[in-house]
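By convention in this document, chain letters (A, B, ...) are assigned in the order of the sequence lines, proteins followed by strands, and residues within each chain are numbered from 1.
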Amino acid sequence: MTLNADLYLNLIRGGAARLAENRQTINDLNVFPIPDGDTGDNMYMTIEAGTHAAGESLSEMASAVSQGMLLGARGNSGVILSRMFAGLSKGFRNLEEADADHFVKAMRAAVEEAYQAVSRPVEGTILTVLREGVEAAASSSSLEDFFDRLTAGMESSLQRTPDLLDVLKKAGVVDSGGAGLLSITEGMRDALYGKSPVLAGSDQPSNAIVDFTSFTEDSVLEFGYCTEFLLRLQRCKVDLENFDETVIRDWLLEQGDSLVFFRDGSIVKVHVHTKDPGAILSRCREWGEFLSIKVENMTLQHHEKRMDERYKCARKALGIVSVAAGKGLSGIFSEMGTDVVIEGGQTMNPPVEKFLEAFDTVNADVVLVFPNNSNILLSARQAADLYKGSRIEVIPTKTLGEGYFALANLQADEAVDDMVHTLTEAASSVTTGLVSRAIRDSEAGAAGNYLGISGKDILCCAPNPREAALALFDKLHASSADIILIFAGADAPEEEAEALKSQIESSCPLSEIILLDGGQPVYNYILVLC
Amino acid sequence: MLKIFTDTDTDLTPAEAARFGFQLISMPYSIDAKTTYPYVDFETFDGHAFYDVLRSGVLPTTSAISKEQYINYFEPDFAAGNDILYVHFSRAMTNTFDAMDQAVAELKARYPGVRFEEIDTKGITPISYGIVCEVGDLYLQGKTLDEILAWAKEEVDHFAMYFFADDLKFFRRSGRVSGLAATMGTLIGIRPLIYMSQEGKMVSVGTVKGRPKALQALLDKVTELGSEIEKHRICIGHSDAPEIAHQLGAMIEERFGKQNIVYVYVNPTAGSHCGPNGVGVCFHAKHR
């Protein structure tokens, strides 16, 4: 059997379908016994974004799948997954079809690309499961054989992840990203054998109802057209092997804004906002022919809010995008100067696409991004790599507290490099503590108790959130902090939060204690020591 | 006969003004297009209520009074042939004194021979309060206009004021502080430390993390720059933060022993620029 475009898409859908069945089980594979990680959801939403692809050759299809996933990637495991499929796409470049040998080679490219997605790869994670699975399938005689060996190799690798990562061993779980990858691979294998419940491919990204009345006979074209197309570079028009696609990109940059631009083989994907799509389409035919074109009037309602927000403010020098969960925290980040708050957090990792939209809305020469969660950092960075319209600087804030304090240290008149340095330093000087309810028994304590967590450690356990917060304060030597912020969560009653504040005030006379209504989910309290 | 004037931006209340013999010129502020003249439109200043309005998100504006209003204040004394001394808040912070200059020029033409002098406190709120009170003391001691002017020439620059604000948005809007960190929004818990310069302008000298450190920074400034502080009033001004103001007072007395500390509520017009929960200290210093 050889792998062609249709079969490849079927495999992807099979993988997505199997992952969909197991996503809750994978969500539950948390290091911490609190409802904090949604690896299953993140990986599912990432791969699902690749299931709407179209293409005639394997190369085109793999590229379209990869592009869908790059934009849909959520959470660290989602980003790594999207990069893995980007690697596969590279491996399939210029292939109409692939056999087992091609697949093995392409999977090696996938491993390489996935490792490059993270600056410091950690073993005992999805990366190890991928690498060891591919090693186990290195000498396969057929595609079926390849997938049998791959799943077996991944399965045994997954079981070894707790030996490589202490946090997994302590929590008594295997790595959730690795488990997600295994599910996908199993689903792909089943699809190859023709026995998969293949995911219905009709889940197109929601086609919002367009209100044509918002652009009338008398309307003036104010916002231009959101123009997207796939351009096939043509051999008769360009020297394909030596063609430098930056010629197109640079020209497009002058024609419109919010440019997103990729080249994969002979296909160029473009997203650009312009008042004259005709000029762009005509010019692009000098290099190739279109595979698909979508042009939408941005005044129409489905884009209305976003575009209004964006065009209301003129292009500015510096813009800020922060990720925060909960109404209170979103408000706090807005007051501190954030232009666009992306709703998201521990249990809700926004996709790369959300960041790209936010960058559009901000409309600034330099955009600073505060991801405020270690599981959102990679998608923010991926979005920064993809976005060409502005200089994007991701400040590696891993908690809301780090984001708050970094933002408070922002001096808008500093040079950008200095600014990034200052903010990164400020973020790293902060200690964040979290209080959350245990949803299962663990070494730290029984389900129903409240855990005090900082970084990767569970530091204390108490029967109620206030006591857990106080114990956590002691453990973190909070009294030496100048500022102690208490973000009260959605589940923290006001009286309890006030009582906590007074108790901390009396034990930390040299600190300023600030209680804020964060309204965040999951964490009863977020304690920030600055 | 010498008549002395000051304005409500110096934090002097009508009772205090009456005790020294000052006439008070009321400097207005506006909320939602309603203009209020302190101690004209109300008898006593309810600081807590005023700053609570600001806490709710209202940003008041302030405005200059007109030439006609100045004429109304000064003309009776010009007509009576009295000498006039006006001890006012900083010229560098307002354009209201342009109108006053015109008024005075007109009055001088109309009443030749009347002497009009002014002392620019090169400050506002507690620092002006400290200077105004000392001028009041001299006036009560029967010092002449020239003696008071000589004192001011020597002493005004020896009154220093350092303070911190809770929320930069008031200052940012008023644009009256130089060197202020170019932040993008509210700074929760991080406070700029601001002083009143020799030119009568507010200048930021950096930020401080947390209120305890901010109070410590004020105390350190008193220690570093203070000179004969025990011979003068120490004025601690606050915009509805009496407990914090008293905490600072206790810290100062703990370090320097019993002092003549006066606590003043920052007047609403100045408070419109600094916002609630600010605390500042004015003391006699080697220099500002």
Engineer: Where on A/Ile513 is there a heavy atom nearer than 4.5 Å to chain B: the side chain, the backbone, both, or neither?
Structural biologist: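 Answer is neither: A/Ile513 stays 4.5 Å or more from chain B.
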Engineer: Tell me, side chain or backbone of A/Ile332 under 4.5 Å from chain B's heavy atoms, or both, or neither?
Structural biologist: side chain
Engineer: Considering only heavy atoms, which portion of B/Lys209 lies under 4.5 Å from any heavy atom of chain A: side chain, backbone, both, or neither?
Structural biologist: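 Backbone plus side chain of B/Lys209, per the 4.5 Å heavy-atom cut-off to chain A.
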Engineer: I would like to know whether A/Asn409 and B/Ile190 meet side-chain contact (heavy atoms from CB on, under 4.5 Å); could you show each step before the answer?
Structural biologist: CA-CA 9 Å; A/Asn409 276 275; B/Ile190 297 172; 4.2 Å; yes
Engineer: Considering non-hydrogen atoms only, spot the tightest contact between A/Ile514 and B/Gly189 and give its length.
Structural biologist: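 Result for this residue pair: CD1-CA, 3.5 Å.
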Engineer: Flag yes if more than 12 heavy atoms outside A/Asp418 fall under 6.0 Å of its CG atom; otherwise flag no.
Structural biologist: yes
Engineer: Could you tell me which non-hydrogen atom of A/Glu512 sits nearest to which non-hydrogen atom of B/Arg211, and how far apart they are?
Structural biologist: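 Nearest heavy atoms, A/Glu512 then B/Arg211: OE1-N, 2.6 Å.
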Engineer: Below 4.5 Å, heavy atoms only, C-beta onward: do B/Val208 and A/Asp482 meet side chain to side chain?
Structural biologist: no
